[in-house]
Structure formats: C-alpha cells, structure tokens
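Nothing here was measured: the structure is a model prediction, and the numbers come from that model.
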Amino acid sequence: MSPKKKTSRRTRGATATATRKRRMNKASRKKTAKRAARASTKETVRSAAKKPKGATRIIVFACSWYPSIAADNAGVVGLEYSADVRILTLACAGRLTPSLVLDAFGAGAAGVLVAACKPELCHHVNGSSICERTVAETRELAELLGIGAERVLLETFDSEKGEPFVESVESFRKRVGKLKPFVVEQ
Amino acid sequence: MSLEREVKETKAYNCVECGICTASCPVSRVNPDFSPRLMVEKLLLGSGMEIFSDRELWSCLTCRTCSVRCPSQVDYNEFTRAARVKARKAGFEGVDTHAGVLRSIMELQAKGFRPKAATWLDGGLKTAKQGHDFYFVGCLPYFDVVFTNIELKSTSIARSAVRLMNLAGIRPVVSENERCCGHDFYWSGNHEGFEKLAAFNLKLISGSKAKRVILTCPEGYHMFSEAYKARFGKLGFEVVHLTDVLLEKVKKGKLKLGRPSSALAEETLKVTLQDACRMGRMMGKTEEMRELLRLIPGVELVEMPRNRADAVCCGSSEWVSCTLCNKQIQLERLAESRDTGAKLLVTACPKCRIHLTCALYDKDRPIKIDIEDITSLLMDAAENGSGKGGKRRA
Ligand code: SF4
Ligand code: SF4
C-alpha cells in the first residue's frame, strides 16, 4: 500500500467513526435482557437443594393452597419431619416446569416431591391437571437422564391438616433414601 | 469488557457499511429492530456493554447467511458467538424456549449425570458395544418427551438410521450414555458447558474403539467436524454424515432403493428439500442429499427458489428466543415449500423438522404439506428396495 493511500484510509476511518457515534446515540435504546424474575425462582431452587454431605435432600414444590397450608399447620401443631426436607411454595402447582425439577437435581436434590391440590379442588381451575402432565413428562426425562422416575413424585391433597402432608413427605424421603444413588461422573 | 479481539478475529474492521448482511438476514426481514450491520458498527465503536445488554444479541439464528454474503469477509456469525460468551460472563442471557427444559437437560449432562437414553432401540435393530462405526444419536430421545405437545416423535429417525445401516451391512455402536454434542451451549455462549459435554463424548467414543462416527444430525456433524477439532485437535476418528455413507453404498449397489410407500399410490412423489444451515452453509454439503433423493425411484425433487447456500434457516436455534418473528420466518418458508407443488417437505435436520412442524401445528393450518426427515424417507425406500420389505417393521 502506498503512503498516500494509507493516510486517506485513516481519515476515512475517522469520519466514519464520527458518523457511527452520532448514529449510535440515536439508535441506543435501553434494552436489557438481564435475568428476569424467572431467575429468582431458579436461584431459590439452587440454594434450597444444596445439602450437607450424606443428607438425602428432598425438595418439595408445594402449591400455595392446600399443601402449603397443610405444611404450615404441621408446624403449628408441632409435627416433626426430617430437616433434610425443603419446601418451596409455588403460587399454583401449574407453575411447575420440568426445568425447575431437573435443576433441583442438578443442585444436589435426591428426590423431588410435587405437592398439588386434588384436581377437582384446584383454585386455578386446571393448574393441578397441568401439573400432572408436567410431572409425567419430567419423570420420563428423569429416566432418560439416569436419575430415575421414582425420584419424582406427585401427591395431591384435599385437606389443610398437617398429618397427611408430613406422612407423604416422610414416606417419600425414606423411599428415596433407600434407592441406589444415580451416577454423576467427573 | 473489551471486544478488541473479536474485532480482529471477525475482521469487523473491514466493514464497508454496505448493509448486505441486514438485507440478507431472515430475522431482519421480519424484525426491524434487529440489524447485523448496526451490531458491527457498535462493535467498531467498542461499546461492549451496549452490545451485551442488547436483547437482539440473542435473536440471531447463527445461520451464517450474512457471513457467507458479506463482501468484506466479516464473520458476523462468529462474532455473535464470541459476544454471547462475554455477555453471559457479564450476567446477560437469552430467553430460554420451552421453559428452559432443554437447557436443564444439557446442564445436567454437563454436570456429569450419566444418561440412559437408548430406550428407543428395538429388538430388530442390530447394534454393537464396540466396533468400527459409532452412531451418534444426539438429543432425539429427549425431543420425544418434550415435543409430545406437537405430537412429534423424533426417535423414529434414529431407528430408521440403524435399520438403514443394517441393510447396508453396518452394525453400529450405539451407547446409552451418550450426551448432547454441545451445539446449543457452543452457540449460546456457554463455552464451559460445551467443553464438558465434548470431553464426555470423546471419552465415550474412544472407549468404543470406533474409527468412524456417523451422525444423522447436521448440528452434531458440524460440531464434531469443526468445533471439536478446533478445541481438542485431532480426534482419532473420522466424522461422516449418514447420507455420505448411504450414497456410497447405493452407488456400489450394496443398498437398493425402491419406491417409498408414500409414492406407491401416485405417479411420482414430489418432494422439496430444506437445507440445514449446518449442512449447507457451514459444511458445504448440499449435493449428496440431492443425489440420494434423485436415486429414489418414484421421487421427484423440486427446488424452492432459495436453496442450497441461499436456503432460509428453519427460524429458531439453540433453544433460545422464539418469538412471533421466528414463527413468521417459519410460515414464510413453509409457504415457499408449498408453492413448489411438493407434497412432502424433506428435512435433513431433526430440529428443522421440529420447528417447521410446530409452525404447522396451529389448528387452522393455513398451509398443508407433510414434513419428513430424509432418513425416514430413505428407510422407507430401502425397505421396499431390499425385496424383503413389507414384512419388516418401520
Ligand atoms: S455485509 Fe459485511 S461489509 Fe456489509 S454491512 Fe454487513 S458486515 Fe459490513
Ligand atoms: S447469522 Fe443469520 S440470523 Fe444471524 S445475523 Fe446473520 S443472517 Fe441474520
């Protein structure tokens, strides 16, 4: 390249940059794709599923109606269940996605119990039946991923009493505790 | 974070602001907010944060049309990939499609969860534990579960592939512990995830003593052929697409193709081919499939106006960002395929099939055309060509 050409190229570059800058200011609209509200649910799942060594961490996704109220009542009447169980409340069981369940396993959970209301009692018309399909799908995926379908369970509730809730959580935890651990390679 | 390296590597400084990229881009056609040229300009100004925080960074389909057409050899496609890696580090990411389930699956696999995913194999298929040929299935078993909502089964492709190989005298290794090839992590900026998945797969393949890996998925084919080689150097095995293997076998007379059952009722079955971006523009493979299709008796191949390296992307990629805009791209492509007069749209990529089927799934379907994977069509033809057809199961 001749020296003359070089200079002209540089000048051209400078003006081009100026035009670019001007255009850019006009065009710059703030559009952020920062992790949205959805991410906060994910973070909650991650921190809840973290476990001390050797513990059988059970995550319970509980609908905010019957199951959650039942869990509260269990506390009120002083029913005991394992401290390895973590309850995460969903506004409705219909909010559950396979991704939430799988992420719980990714973060260290040994089992995931989904606690929904009985379909006919669902406060959001069809939330519970949507949840049923979601859980069925998730169980299939868990099988393919080597986790095992038996580590994902759906239980439905029709009462606000604490006993049935504690019973299903405890029996699920014991069953999961007896399973052969799934393989996580390094 | 600075983007100087990206400017150098993608030769963005060469940009002459011609706008060919934006004019060629399928996304820009329907979404005026998206412009590769504007992105290149921003890149040259060094406004990194502005690029990272731009929602449109995740709208690119990474279809490589722009890079192929750019007169100044700016590799915008590669820039998107590199910028996404940095954007992710800065805390930005795209919106997952399907409520993130496919991302979760890939994440678990990258974490080391060992899949047991060969549930699609049936007794009639001959496979091996070790051997010369390894059939890399990819994510098909998971698609079966995730896409029940559009009533689409993808493992039929895998079964057809193994059956075809068997008919051609190949007994491939199929492993239930195979993981995702890492394509979607690679293109959506999760480089660590990609490397982990790739390392797991390479270990698995080397354990099988395979000297050749056969794929039916163009994305996996491209990953193994380019990204794996770029990251891990020589692989120690050959990477081929199933259509290459079959074409050779058909030419040598080792595999006979007959009229596929869908062509029995008619004079000729008109088909048109959707080129996959990874196959056509990225690997430069457009003719092998066409040759194979022409070798099937009773099948006539008609081309869409935009074909081969000019083919339009199926409209969605990496399980990130699926909006009305993507749907529009798909519907336009479907209309283009219908206008050829073809009865069957043949896809060469399982994801093209999923995306286009999804766009067709609306209850008041405006477009009617059947969609089938090339592997399934070939299997159909081979069953009827081997003389032993009829009795065998599809
Ligand atoms: S096609 Fe190439 S030279 Fe033209 S505007 Fe796009 S990046 Fe710049
Ligand atoms: S890679 Fe495809 S979608 Fe992305 S900017 Fe280029 S042409 Fe548009």
Side-chain angles (χ1 to χ4, degrees), chain A residues 9 12-13 15-36 38-39 41-42 45-46 95-109 130 133-134 136-149 151 181-186, chain B residues 13 15-17 33 35 38 40-47 50 52-59 87 90-96 98-105 107-120 139 141-142 144-146 148-149 176-177 179 196 200 203-204 321:
Chain A
R9 224 187 138 83
R12 196 196 67 149
T15 33
T17 311
T19 348
R20 270 176 194 138
K21 276 219 166 102
R22 235 177 298 121
R23 248 186 262 157
M24 217 53 52
N25 289 340
K26 246 198 230 157
S28 77
R29 259 171 283 159
K30 266 259 174 304
K31 273 190 223 149
T32 47
K34 258 229 145 108
R35 294 181 181 119
R38 157 188 77 90
T41 328
K42 289 212 180 293
V45 172
R46 268 175 209 145
R95 159 67 175 90
L96 189 80
T97 60
S99 169
L100 284 179
V101 179
L102 295 181
D103 283 354
F105 285 110
I130 290 175
R133 281 207 302 276
T134 310
E137 192 179 302
T138 313
R139 287 171 65 105
E140 279 185 57
L141 292 174
E143 199 61 40
L144 291 175
L145 284 162
I147 298 167
R151 289 178 187 267
F182 48 77
V183 192
V184 181
E185 288 170 282
Q186 283 313 310
Chain B
Y13 50 74
C15 176
V16 292
E17 298 184 43
D33 281 348
S35 162
L38 186 67
V40 174
E41 308 281 283
K42 283 186 190 175
L43 172 64
L44 288 172
L45 280 175
S47 34
E50 205 179 321
F52 299 150
S53 62
D54 193 335
R55 187 179 56 182
E56 303 299 348
L57 178 62
W58 305 91
S59 303
F92 300 97
E93 59 183 26
V95 179
D96 294 324
H98 309 283
V101 59
L102 291 141
R103 184 194 37 73
S104 294
I105 292 171
E107 271 174 10
L108 290 192
Q109 294 181 346
K111 275 204 172 113
F113 282 58
R114 189 159 76 198
K116 287 189 194 149
T119 44
W120 51 272
C139 304
Y142 306 95
D144 268 14
V145 183
V146 177
T148 28
N149 63 339
E176 61 169 9
N177 304 136
R179 288 175 172 85
K196 280 197 189 125
F200 277 129
K203 200 170 125 203
L204 185 73
S321 176

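Here the closest non-hydrogen pair linking Ser104(B) and Ser99(A) is OG-OG, 2.7 Å. The two residues Val101(B) and Pro98(A) have their closest heavy-atom pair at CG2-CB, 3.7 Å. Leu145(A) and Phe113(B) get closest at one heavy-atom pair: O-CB, 4.1 Å.
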Walk me through it: do Arg139(A) and Val145(B) pass the test side-chain contact (heavy atoms from CB on, under 4.5 Å)? CA-CA 10 Å; Arg139(A) 287 171 65 105; Val145(B) 183; over 6 Å; no
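Interatomic distance, CG of Leu144(A) versus CD1 of Ile105(B), reported as 8.0 Å (0.5 Å rounding). For the atom pair Asn149(B) CG and Glu137(A) CD, the distance stands at 7.5 Å (nearest 0.5 Å). Within the model, atoms CD of Glu107(B) and CG of Leu102(A) stand 10.0 Å from one another, a figure rounded to the nearest 0.5 Å.
By the neighbour-count criterion of 12 heavy atoms within 6.0 Å, atom NZ of Lys116(B) is sparsely surrounded, having that number or fewer from other residues, nucleotides or ligands.
Applying the salt bridge (Lys or Arg N to Asp or Glu O under 4.0 Å) rule to Arg114(B) yields the partners Glu185(A); only residues at least two apart in sequence or on another chain are considered.
In this structure, no portion of Leu102(B) lies under 4.5 Å from any heavy atom of chain A.
In this structure, Asn177(B) and Val183(A) have side chains that are not in contact, with every pair of non-hydrogen atoms separated by 4.5 Å or more.
By number of non-hydrogen pairs under 4.5 angstrom with chain A, the leading residue of Arg179(B), Lys196(B), Gln109(B) is Arg179(B).
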